[in-house]
*Asks:* 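Would you mind keeping the following structure in view while I ask a few things?
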Amino acid sequence: MRLGCIGDDFTGSSDLANTLAKQGMRATQYVGVPDRPADPSVEAGVVALKSRSLPVSEAIRLSLDALDWLKAQGCTQFLFKYCSTFDSTDDGNIGPVAEALAAALEARQVIVCPAFPAAGRTLVHGHLFVGDHLLNESGMENHPLTPMKDPDIRRVLARQSKGAVGHVSYTDVHKGVDAIKARLASEAEAGRNLIVVDALSDNDLMVIGAAAADLPLITGGSGIAMGLPANFRAKGLIADDSSTWHGETGPVVAVCGSCSVMTQKQVAFHKALHPTFEIDAEAVMTEKLTAADVAEWCLAQTGLPLAYSSADPASVAATQKRFGRDATAAKLESLFAELARLLVAGGVRRLISAGGETSGAVVEGLDLSDLQIGPEIAPGVPAMRAREGLVIALKSGNFGSEDFFVKAAARLAEGT
């Protein structure tokens with residue numbers, strides 16, 4: 001294993017593994033820190049943690065455990081992957097985890113670049129955009145767990161971190177590899193070790209990747225990984241991946257817990273053509289609706305049924321106010337975990353999950369370990385083999401087109 005990656009959630013980790021596989025690296029996603037060595041054929045290992053919303057100390061502990069395992073597999077470079085919308089709070093967890101990893105690796109020049117242009121996330125003057133909108137005007141300001149109300153990633157990161165935050169402007173990025181290296185060095189010399197780097201295009205990310213060839217630690221969204229495989233290939237350390245994907249036919253179900261703007265559009269699109277079941281959060285909290293109820297409905301449908309708990313921000317806020325934010329999130333995640341178990345036990349062979357926390361619950365509920373990366377469904381979302389007889393797709397809330405669920409079902413069946 002050459003490149004060791006640590007993701008702070010499951011959908012983001014599959015996004016990263018997808019990026020690396022597209023660039024020709026043999027990538028495997030691991031659910032949590034493995035308790036055994038990796039297969040020798042793996043070139044890039046992605047340890048998927050569910051650490052984004054954990055207490056800071058726990059997120060750091062898990063991330064350092066993952067780092068130790070990846071070191072033991074022989075990795076020479078490491079990547080800490082978080083969401084391209086920099087999902088976090090003033091307490092963390094991005095800054096504290098990045099600083100802990102940097103300290104463990106004695107890294108003084110640590111790139112911070114959440115940009116993912118293929119999904120509309122760009123970074124300029126240190127400000128993060130989602131499409132044409134600043135981060136705090138993109139809908140992410142209403143996120144139920146990590147509302148993003150400041151688009152300046154330098155300020156956001158500074159509030160989370162102990163050290164000063166640096167910046168490589170787009171002017172330097174546009175000048176190329178040498179200019180980026182020089183600015184990284186000067187920022188580190190000034191004591192600014194976490195360094196936000198602007199990027200507007202995939203080409204920018206490739207150039208930044210080339211500039212990071214000799215850095216022990218990089219952090220960012222999945223896009224920052226685009227240029228890294230070429231560095232290993234140039235040194236003769238990896239070969240192109242020629243693995244073949246084989247999907248599954250048979251029953252398919254989609255589940256969704258994201259409240260993002262795009263997810264709500266996807267749910268609305270799907271409702272017009274396919275059977276859907278709305279999981280009412282209040283009914284779940286009062287135990288009037290159970291996972292068994294939802295599973296029974298899903299398994300009785302034909303076609304592509306969708307069970308969803310997505311709601312508008314006002315409805316989400318009202319439920320959280322009545323039952324508590326953490327209690328509501330925990331109850332819904334428990335429902336989705338049990339629902340996934342019941343669906344697979346009932347014969348489902350293709351399972352699609354939308355939403356980071358929801359997907360984390362699904363993966364934990366199914367007790368998955370290694371995920372084989374398959375073809376891309378949408379930018380940032382690969383098809384994945386969970387085990388014999390089961391393929392899955394894990395989607396971050398804002399990813400994919402309005403007909404994502406239909407596309408995912410079709411891609412999961414390819415090669416059969």
Side-chain angles (χ1 to χ4, degrees), residues 6-16 29 31-32 47-56 58-59 62-63 81-89 91-94 97 139-148 221-222 254-264 266-267 278-281 284-285 291 294 306-313 315-317 319-320 323-341 343 351-368 371 380-381 384 392-400 404:
I6 302 166
D8 70 353
D9 83 334
F10 294 123
T11 55
S13 296
S14 61
D15 173 9
L16 173 59
Q29 177 175 336
V31 180
V47 177
L49 305 176
K50 197 178 176 187
S51 58
R52 181 173 298 171
S53 300
L54 287 178
V56 172
E58 182 69 2
L62 288 172
S63 300
K81 195 276 175 194
Y82 39 79
C83 188
S84 58
T85 46
F86 214 73
D87 297 12
S88 55
T89 69
D91 294 325
N93 290 334
I94 294 173
V97 170
M140 284 302 299
E141 68 273 22
N142 297 315
H143 193 287
L145 297 179
T146 54
M148 302 304 297
S222 64
V255 299
C256 175
S258 170
C259 297
S260 73
V261 173
M262 177 50 75
T263 298
Q264 292 189 57
Q266 291 163 343
V267 169
E278 181 174 5
I279 299 171
D280 182 76
V284 173
M285 295 303 294
V294 183
L306 166 67
Y308 68 96
S309 66
S310 307
D312 61 85
S315 298
V316 172
T319 303
Q320 290 180 335
F323 298 102
R325 188 188 74 171
D326 293 343
T328 301
K331 191 78 170 179
L332 286 171
E333 287 177 32
S334 177
L335 179 138
F336 278 114
E338 178 63 15
L339 175 59
R341 286 192 290 268
L343 291 174
L351 185 60
I352 304 161
S353 175
E357 300 301 321
T358 303
S359 296
V362 166
V363 167
E364 290 183 340
L366 294 175
D367 195 25
L368 303 181
L371 301 176
V381 190
M384 295 187 291
I392 64 174
L394 307 176
K395 182 188 87 73
S396 294
N398 277 309
F399 284 13
F404 172 80

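Below, all heavy atoms of this structure are taken into account, side chains as well, without hydrogens, waters or symmetry copies.
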*Asks:* List the steps, then state whether side chain to side chain contact (heavy atoms under 4.5 Å, CB included) holds for S88 with M148.
*Replies:* CA-CA 7 Å; S88 55; M148 302 304 297; 4.2 Å; yes
*Asks:* Can any side-chain N or O of S14 pair as donor or acceptor with the backbone N or O of G12 at less than 3.5 Å?
*Replies:* no
*Asks:* Might you point out which heavy atoms bring V284 and L335 nearest each other, and give the distance in Å?
*Replies:* CG2-CD1, 3.8 Å
*Asks:* So, taking the atom named CZ in F10 and the one named CD1 in I392, what distance separates them when rounded to the nearest 0.5 Å?
*Replies:* 10.0 Å
*Asks:* Taking atom CD of E58 and atom CG of L49, what is their separation to the nearest 0.5 Å?
*Replies:* 10.0 Å
*Asks:* How far apart are the closest heavy atoms of F399 and M262, and which atoms are they?
*Replies:* O-CG, 4.2 Å
*Asks:* What is the minimum heavy-atom distance between Q29 and A48, and which atoms define it?
*Replies:* NE2-CB, 3.6 Å
*Asks:* Restricting to non-hydrogen atoms, name the atom on T263 and the atom on S310 that form the minimum distance, rounded to 0.1 Å.
*Replies:* CG2-OG, 3.7 Å
*Asks:* By the definition side chain to side chain donor-acceptor pair (under 3.5 Å), identify the one residue from T11, D9, D15 that meets it with S396.
*Replies:* T11
*Asks:* Would you check, one step at a time, whether the test side chain to side chain contact (heavy atoms under 4.5 Å, CB included) holds for V294 with I279?
*Replies:* CA-CA 8 Å; V294 183; I279 299 171; 4.2 Å; yes
*Asks:* Can any side-chain N or O of S260 pair as donor or acceptor with the backbone N or O of G397 at less than 3.5 Å?
*Replies:* yes
*Asks:* On a heavy-atom basis, which atom in S359 and which in S353 lie closest, and how many Å separate them?
*Replies:* OG-OG, 2.9 Å
*Asks:* Test side chain to side chain contact (heavy atoms under 4.5 Å, CB included) on L54 and L62; report intermediate values, then the result.
*Replies:* CA-CA 10 Å; L54 287 178; L62 288 172; 3.5 Å; yes
*Asks:* Closest heavy-atom contact between V47 and S13?
*Replies:* O-OG, 4.3 Å
*Asks:* Does Q320 use its side chain to pair, donor to acceptor, with the backbone of S315 at less than 3.5 Å?
*Replies:* no
*Asks:* Between L371 and V31, is the side chain to side chain contact (heavy atoms under 4.5 Å, CB included) condition met? List the steps.
*Replies:* CA-CA 8 Å; L371 301 176; V31 180; 4.2 Å; yes
*Asks:* Between E333 and K50, is there a side-chain N and carboxylate O pair less than 4.0 Å apart?
*Replies:* yes
*Asks:* Is a salt bridge present between R52 and D87, judged by a nitrogen-to-oxygen distance below 4.0 Å?
*Replies:* yes
*Asks:* For G139, does its backbone N or O pair with a side-chain atom of E141 as donor and acceptor, under 3.5 Å?
*Replies:* yes
*Asks:* State whether the side chain of E357 and the backbone N or O of A329 hold a donor-acceptor pair below 3.5 Å, judged by distance alone.
*Replies:* no
*Asks:* Could you state the interatomic distance from CG (L366) to CG (L343), rounded to the nearest 0.5 Å?
*Replies:* 9.0 Å
*Asks:* Please round to the nearest 0.5 Å and tell me the distance separating atom OH of Y308 and atom CD of Q264.
*Replies:* 10.0 Å
*Asks:* At what distance, to the nearest 0.5 angstrom, does OH of Y82 lie from OG1 of T146?
*Replies:* 14.0 Å
*Asks:* Given 3.5 Å as the limit, does a donor-acceptor pair link the side chain of N93 with the main chain of S51, or not?
*Replies:* yes
*Asks:* Checking the side chain of S334 only, and the main-chain atoms of A330 only, is there a donor and an acceptor separated by less than 3.5 Å?
*Replies:* no
*Asks:* Is the closest side-chain heavy-atom distance between V267 and C256 below 4.5 Å?
*Replies:* yes
